Structures are given as C-alpha cells and as structure tokens.
Amino acid sequence: MGFFMRRNSAILKEMTAAHYSVLIIGGGIAGSTAALYLATLGVKVLVIEKQQYPNHKVCGEYVSNEVLPFLSELGIIPQKRNAPQIDTFLMTNRQGKTLNASLPQGGFGISRYAFDEWLYEEASAAGTEYIFETVTSCTFRTSYFEVKTQESSTYHADYVLGAFGKRSNLDQSLNRPFMKQKSPWLGVKMHYEASFPTNQVALHHFDGGYCGLSKTESGSVNLCYLASYDAFKRFGDITAFQQNVLRQNPFLNDFLKEAKPLFEAPITIGQISFEAKEPVVDGILMIGDSAGLIHPLCGNGMAMAIHAAKIAVDIVYEASTDQMSREAVEAQYQSRWTETFQSRLKMGRRLQNALLNETVQKGIFTFGNLFPKAVPYIISKTHGKPIA
Ligand SMILES: Cc1cc2nc3c(=O)[nH]c(=O)nc-3n(C[C@H](O)[C@H](O)[C@H](O)COP(=O)(O)OP(=O)(O)OC[C@H]3O[C@@H](n4cnc5c(N)ncnc54)[C@H](O)[C@@H]3O)c2cc1C
C-alpha cells in the first residue's frame with residue numbers, strides 16, 4: 001500500500017510538472033543571455049543552474065565588442081559596471097620578445113563574478129525563473145522535453161537550450177563522443193592587485209602554454225592561463241609551476257614579482273576539450289561551450305556564447321510564431337551555427353598550433369613586427385562582425 005501510494009504520487013508529480021515554452025540548462029554567459037533575450041520577447045522561460053551566483057570561473061574575462069550592440073539592446077552596457085574598454089594587444093614569447101597590435105574591434109574587461117550575476121539579475125528582472133538544481137537528464141517525449149534534476153524535480157518544456165558549458169555530467173548522459181577522449185589542457189585563474197594598462201590585453205607565452213592578463217571592472221588584474229598537463233606534471237603544483245615555468249617569461253616574471261594575489265588560492269579547471277561537438281543533440285539546441293569551445297587565445301568564447309544564444313532564440317521564437325516543425329528548427333540552428341562559427345573555430349585551432357610551435361612562433365613574431373597590419377587581420381579572422 002505504502003509503495004503504491006509512493007508510486008502514484010511520483011506519477012502525479014510527473015504529470016503535473018511545470019511546463020515552460022523554453023527551458024535552459026545552465027545559467028552562465030550563454031544561458032542567461034538567451035534567458036534575458038527570451039524574457040524581453042515575452043516567452044515563459046526557466047533556467048536551471050547548479051551553482052548560486054556570484055562565483056568565480058576560469059576565464060580570461062575579455063569580451064569582444066562584436067556583441068556590444070546586441071548586449072546594449074538588452075540593457076547590458078559595460079560602462080554601467082565600470083568595465084574598461086580594451087583596444088590594444090601585446091604578445092610576448094618565452095624570451096620576452098614583443099609584438100604590439102591594435103585590436104580591430106576591441107573589447108571590454110569584466111570578471112565572470114560580476115558578468116554572470118549581472119546577466120542573471122537582468123534576466124530575473126525581465127521575468128525569467130531560475131532554479132538552482134543540477135540537471136541529470138533531458139529526454140524528448142514525442143512532443144515535449146522532460147528534464148529531471150538530482151533534487152528529484154521534473155520539468156517539461158517545448159524547447160530546451162543546452163548551455164551547460166565545456167564539460168558537464170549531461171555530456172556523459174548524452175554519450176557525447178568528446179567525453180571519451182582525454183584532453184591535455186588545464187586552466188588556472190587568479191585576480192591580482194597590480195599596475196597594468198587599462199586598455200590592454202596581453203598574451204604571454206611560456207613553455208607548454210600561454211597566459212592572458214587584462215583589467216576587470218573592479219580594478220583588479222585577471223591572470224588566466226592554459227597549460228598542457230605534460231608541462232604541468234613535471235612540477236605538480238601551481239606555485240612551483242608558476243615559479244619555474246611562467247616566470248621564465250620576463251614579462252610574467254615582472255608582473256608576478258610585484259602583483260598582490262586577491263584570492264586565497266588560484267582557481268583551476270582540468271580536462272578542457274577543444275574537440276568538435278554537435279550543435280544539436282537529441283533535439284537540444286546547444287549554445288556556448290556546449291556546442292564547441294574556441295581556443296582561449298582568440299578571446300572570443302564569451303562573444304560566441306552570446307551570439308549562439310541570439311541565433312537559437314531567434315529561431316525558437318520564429319518557430320513559435322510561424323508553426324515551424326521541430327525538424328526545421330533543428331536543421332536551421334545546425335546550419336546557422338556551422339555557418340557562423342565553423343571557420344573561426346578552425347582558425348583558432350590553427351593559430352594555437354602555430355603559436356605553441358617554437359619555430360613557427362618565431363616566424364610569426366618576425367612577420368608580425370615587419371607587417372604590423374597582419375596581426376589585426378589574423379585576429380579579425382577569429383572574430384565575427386558586430387551583431388545587433
Ligand atoms: C583558460 C580559458 C580562458 C578563457 N578566456 C576567455 C576570454 O578571455 N574571453 C572569452 O570571450 N572567452 C574566454 N574563454 C572561454 C569562455 O570562458 C567560455 O567560452 C564561456 O564561459 C562560455 O560560456 P557558457 O555559458 O557556454 O559556459 P559557462 O559559463 O561555463 O556556463 C555553463 C553553466 O552551466 C552550469 N551547469 C553545468 N552543468 C549543469 C547541470 N547539469 N545542471 C545545471 N547547471 C549546469 C554551470 O554551473 C555553469 O554555470 C576562456 C576559456 C578558458 C578555458
């Protein structure tokens with residue numbers, strides 16, 4: 001009798017699960033931008049995010065201006081939060097040789113601590129509902145999606161946007177091929193109190209990786225690097241690695257000598273995968289890193305996440321007004337995502353391989369110093385045109 005009652009109440013709970021037009025899994029940059037945009041269009045949307053705001057995330061925290069017109073339309077104006085405008089680029093090699101360039105579109109510096117929370121606040125104020133739970137499964141049931149969480153809740157939706165980032169438990173449950181491959185990269189981030197040019201983003205190379213430096217809205221300098229496990233495992237811990245490897249670069253040595261750490265310890269992530277991913281999986285439209293991660297040296301992952309959110313929302317919104325079939329929605333998103341991002345992902349891959357090869361890197365520095373217009377040209381190939 002007890003079991004029967006329990007089973008009945010579980011079925012009842014499922015049948016009465018709240019239904020949303022769009023459910024977004026993950027409330028990072030991609031998820032909350034999509035939520036904010038949908039809410040301004042009057043769509044009933046639910047975001048399920050596993051972490052409370054605010055929190056720090058491993059990221060270079062430089063946002064390309066290509067998304068500025070779109071963000072401004074959504075009320076996200078970087079000056080409102082004192083995010084510095086960045087228009088110059090400095091790159092150095094291990095020995096400290098420099099390459100300076102102006103940035104074709106430029107960008108702004110904002111910490112993920114502030115940016116993710118800001119988008120969440122704006123999306124909530126516009127009517128988005130947020131629930132802080134961990135999604136464990138998402139299944140298409142003939143005409144709607146059923147989304148379940150670790151906390152035993154069930155939600156239904158007409159469309160689901162997958163905005164759960166680089167690597168999630170959901171990638172495992174969706175059996176995505178990239179999860180079967182080991183990735184040789186790890187990321188480390190720390191904020192510092194230090195003097196640093198407000199309008200510059202710097203990229204300093206070291207043995208087995210590279211490190212970005214730029215200022216954030218709080219005045220702190222964000223240091224974020226990508227390192228290969230092979231390079232890292234020879235030292236085993238971050239302090240020894242920074243001391244013996246990063247500080248071989250004279251610019252990083254000067255910076256780290258003077259800078260005062262603002263976190264108790266750096267934050268890290270492992271298993272960063274740059275493998276190709278599918279933008280549509282089991283009917284879920286993937287946005288942001290869930291659809292594919294560009295190499296961080298391009299400084300364009302967040303802009304791509306924001307742009308993909310816009311593309312997905314435009315299509316889903318059009319579908320709701322024009323009676324577009326589910327198959328047409330998926331095909332259109334797949335094709336627009338590929339057309340918009342495929343070539344810059346390829347360019348990012350090529351650029352990273354070239355810069356991590358010492359001989360090719362030397363050639364790039366020589367060529368870039370001889371032909372100063374070449375660097376902005378190459379940068380523009382990893383970015384898109386401004387979106388509104
Ligand atoms: C070292 C490094 C440096 C970088 N530097 C830059 C840079 O300078 N500029 C730039 O533009 N890009 C940069 N990037 C890329 C950028 O960080 C990403 O492209 C960006 O974070 C993508 O946003 P997102 O919303 O897709 O993912 P995220 O911001 O990771 O958001 C995903 C969200 O999903 C949530 N989530 C995951 N699984 C679940 C689940 N099962 N249930 C509920 N919630 C879940 C997570 O908690 C998270 O909040 C860098 C990346 C790395 C690795």
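Order of listing sets the numbers, starting from 1, for every ligand and every atom in it. Please read all numbers here as calculations on a predicted model, not as lab measurements.
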### Query
Any idea which atoms of ligand 1 are less than 4.0 Å away from a heavy-atom of Gly165?
27 (O), 30 (O), 32 (C)
### Minimum-distance protein heavy atom relative to atom 41 (N) of ligand 1
Asn169 OD1, 2.8 Å
### Message
Tell me whether Lys50 has any N or O atom under 3.5 angstrom from an N or O of ligand 1.
### Response
yes
### Task
Please check if the distance between the ring centroids of His156 and Phe145 is under 6.0 Å.
no
### Query
Is NZ or CZ of Arg326 both nearer than 6.0 Å to the six-membered ring centre of Tyr159 and within 45° of the ring axis?
yes
### Message
So for ligand 1, is Gly187 a polar contact partner (N or O within less than 3.5 Å, distance only)?
### Response
no
### Nitrogen or oxygen of Gly60 less than 3.5 angstrom from that of ligand 1
yes
### Any N or O of Met302 closer than 3.5 Å to N or O of ligand 1
yes
### Query
Is the shortest N/O to N/O distance between Ala30 and ligand 1 below 3.5 Å?
yes
### Query
Taking only heavy atoms of Glu61, which atoms of ligand 1 are found under 4.0 Å from at least one of them?
7 (C), 8 (O)
### Task
Using distance alone, determine whether Thr134 and ligand 1 share an N or O pair under 3.5 Å.
no
### Query
Looking at Gln51, which atoms of ligand 1 are within less than 4.0 Å of one of its heavy atoms?
47 (O)
### Query
Same cluster or not: are Tyr210 and Ile86 linked, directly or through other Ile, Leu, Val, Met, Phe, Trp or Tyr residues, by side-chain heavy atoms under 4.5 angstrom apart?
yes
### Message
Just checking His307 against Phe341, ring centres under 6.0 Å apart?
### Response
yes
### Task
Using distance alone, determine whether Ser168 and ligand 1 share an N or O pair under 3.5 Å.
yes
### Whether Arg112 lies under 4.0 Å from ligand 1, heavy atom
yes
### Query
Can you find an N/O atom of Lys57 closer than 3.5 Å to an N/O atom of ligand 1?
yes
Donor-acceptor pairs under 3.5 angstrom involving side-chain atoms of residues 68-84: please list them, not counting sequence neighbours.
from  : atom 1 : to    : atom 2 : distance (Å)
Ser72 : OG     : Leu68 : O      : 2.7
Lys80 : NZ     : Gly75 : O      : 3.3

### Task
Tell me which protein heavy atom sits closest to atom 18 (C) of ligand 1, plus the residue, atom name and distance to 0.1 Å.
Asp289 OD2, 3.1 Å
### Query
Looking only at protein heavy atoms, which one is nearest to atom 53 (C) of ligand 1, and how far off is it?
Ile272 CD1, 3.8 Å
### Message
Please confirm whether Cys224 approaches ligand 1 to less than 4.0 Å, judged on its heavy atoms.
### Response
yes
### Message
Using a 3.5 Å cut-off on N or O atoms only, is Ala305 in polar contact with ligand 1?
### Response
no
